[in-house]
Amino acid sequence: MAKERIEILVAGALKEQDSALASRQANLAKKIAMRHRVRMPYEIRQLYCKKCKAFIVPGRTARVRVGRSTGATKAVRITCMLCGHTYRKILRRNKVL
Ligand SMILES: [Zn+2]
């Protein structure tokens, strides 16, 4: 139940054009997760800046750059446009062995 609400809120926040409203929805989702001790899905956690904790929307409040680092690992670099923090998100790790 709580998880469903979180997903609905985050999906709504991503679609929301008003960034103030979007971050309000995103913060509410986070509060619900904490209150119910629900672990946020990985995809959703990526949408919160690790440094300033703001909700970041790729293409709007975050710059996403696809980089190909060593061989099998494909990663994107996400730059938070609010605080400038950059972090990597690993998309796929092919097992070579
Ligand atoms: Zn940030």
Side-chain angles (χ1 to χ4, degrees):
M1 280 291 258
K3 206 172 171 185
E4 247 167 60
R5 274 197 73 195
I6 291 162
E7 278 165 7
I8 289 163
L9 277 165
V10 172
L14 282 171
K15 275 184 268 174
E16 183 56 59
Q17 295 299 307
D18 186 333
S19 60
L21 223 74
S23 61
R24 250 186 30 214
Q25 283 180 306
N27 285 335
L28 189 62
K30 215 170 169 181
K31 266 185 203 159
I32 293 167
M34 284 196 284
R35 196 181 306 146
H36 295 271
R37 296 172 192 278
V38 175
R39 201 165 161 77
M40 297 267 248
Y42 181 75
E43 296 76 38
I44 292 177
R45 271 185 288 143
Q46 294 302 311
L47 298 170
Y48 294 88
C49 172
K50 286 184 175 59
K51 198 180 179 191
C52 70
K53 313 289 182 208
F55 182 69
I56 48 175
V57 182
R60 196 139 28 112
T61 42
R63 220 179 8 240
V64 180
R65 278 181 60 185
V66 183
R68 216 164 299 150
S69 46
T70 47
T73 311
K74 203 174 176 189
V76 289
R77 264 224 303 270
I78 302 168
T79 305
C80 170
M81 280 154 84
L82 301 167
C83 72
H85 182 66
T86 302
Y87 57 95
R88 288 194 336 148
K89 177 188 178 184
I90 291 157
L91 292 179
R92 204 190 317 149
R93 193 175 282 160
N94 296 332
K95 286 192 182 95
V96 187
L97 294 174

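Atoms within each ligand, like the ligands themselves, are counted from 1 in listed order. Note that the structure is predicted; figures quoted are calculated from it, not measured.
Among the atoms of His85, no N, O or S atom is found under 2.8 Å from the Zn ion (ligand 1).
Counting non-hydrogen atoms of neighbouring residues, nucleotides and ligands closer than 6.0 angstrom, the CZ atom of Arg65 reaches no more than 12 such neighbours.
Applying side-chain contact (heavy atoms from CB on, under 4.5 Å) to Ile32 and the options Leu9, Asn27, Val38 leaves one that passes, Leu9.
Checked by atom type and distance alone, the side chain of Tyr87 never pairs as donor or acceptor with a backbone atom of Cys80 at under 3.5 Å.
Our summary of the site lists the angle at the Zn ion (ligand 1) between SG of Cys49 and SG of Cys52 as 110°, to the nearest 10 degrees. Geometry about the Zn ion (ligand 1) gives an angle of 110° between SG of Cys83 and SG of Cys80, rounded in steps of 10 degrees.
Residue Ile56 holds its CD1 atom at 8.5 Å from OG1 of Thr79, rounded to the nearest 0.5 Å.
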